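A quick write-up on the structure given underneath.
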Amino acid sequence: PQDYFVSYIFKTDKDLGKAKKSGLLDEITNYHKSLMQKEGYPSEAIKDCVFASIEDCEKKCKGNWYYYYK
């Protein structure tokens, strides 16, 4: 359980910002948590989702997601 990772990727920083401002990121996180609980995943092991943008990964790590998340 400690090794799972869920990330939602938006195309641009602007798209990610809009999603955050609108409350969409909270909705996604809550939906994810509810699905994990429904499937019997231990509550104490459920992690929040991670959100990023392709644009940010390209800026910081030349598009290499491995290094972006390290």
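Predicted, not measured: the structure shown is a model, and the values here were computed from it. Computation of the quantities below employed the complete heavy-atom set of this structure, encompassing side-chain atoms and omitting hydrogens, waters and symmetry-equivalent molecules.
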field: For the student: nearest non-hydrogen atoms of Lys60 and Tyr68, plus distance
entry: CD-CE1, 4.1 Å
- request: Calculate, to the nearest 0.5 Å, the distance between atoms CG and NZ belonging to Asp13 and Lys18 respectively.
  value: 12.5 Å
query: With a 3.5 Å cut-off and no angle check, do the side chains of Thr12 and Asp15 form a donor-acceptor pair?
result: yes
query: Any idea which heavy atoms bring Lys14 and Glu55 closest together, and the distance?
result: N-OE1, 4.3 Å
- request: To the nearest 0.5 angstrom, please state how far the CG atom of Leu35 sits from the CG atom of Asn30.
  value: 11.0 Å
query: If we only count heavy atoms from C-beta on, is the Val6 to Lys47 side-chain gap below 4.5 Å?
result: no
- prompt: Just wondering, more than 12 heavy atoms not from Lys59 lying within 6.0 Å of its NZ?
  reply: yes
From Ser22 atom OG to Glu27 atom CD, the distance as rounded to the nearest 0.5 Å: 7.0 Å
field: Cys49 SG to Tyr31 OH distance, which is reported to the nearest 0.5 Å
entry: 11.5 Å
field: Tyr69 and Ser7, any side-chain heavy atoms less than 4.5 Å apart
entry: yes
task: Apply salt bridge (charged side-chain N to carboxylate O under 4.0 Å, His left out) to Asp26 and Lys20, showing your working.
output: CA-CA 8 Å; Asp26 291 330; Lys20 184 176 184 177; over 6 Å; no
- request: Find out if a path of hydrophobic residues (ILVMFWY) with successive side-chain heavy-atom gaps under 4.5 Å connects Val50 to Ile9.
  value: yes
task: Flag the pair Ile54 / Phe10 as yes when at least one side-chain heavy-atom distance between them is below 4.5 Å, and no otherwise.
output: no
- request: Look at Lys33 together with Asp48 and state whether they make a salt bridge at an N to O cut-off of under 4.0 Å.
  value: yes
- request: Return the set of residues passing ring pair (Phe, Tyr, Trp, His ring centres under 6.0 Å) with Tyr67 (not counting sequence neighbours), or none when no residue passes.
  value: none
field: Validation row: Tyr8, Leu25 side chains within 4.5 angstrom (heavy atoms)
entry: no
message: Check this for me: Phe5, atom CZ, are more than 12 non-hydrogen atoms of other residues, nucleotides or ligands nearer than 6.0 Å?
response: yes
- request: Measure up the Tyr4 and Tyr41 rings against each other and bin them: parallel (under 30°), tilted (30 to 60°), perpendicular (over 60°).
  value: perpendicular
field: Atom pair CD1/CD of Ile46 and Glu39 - distance to nearest 0.5 Å
entry: 10.5 Å
message: Are the side chains of Ser43 and Gln37 in contact, using a 4.5 Å heavy-atom criterion?
response: yes
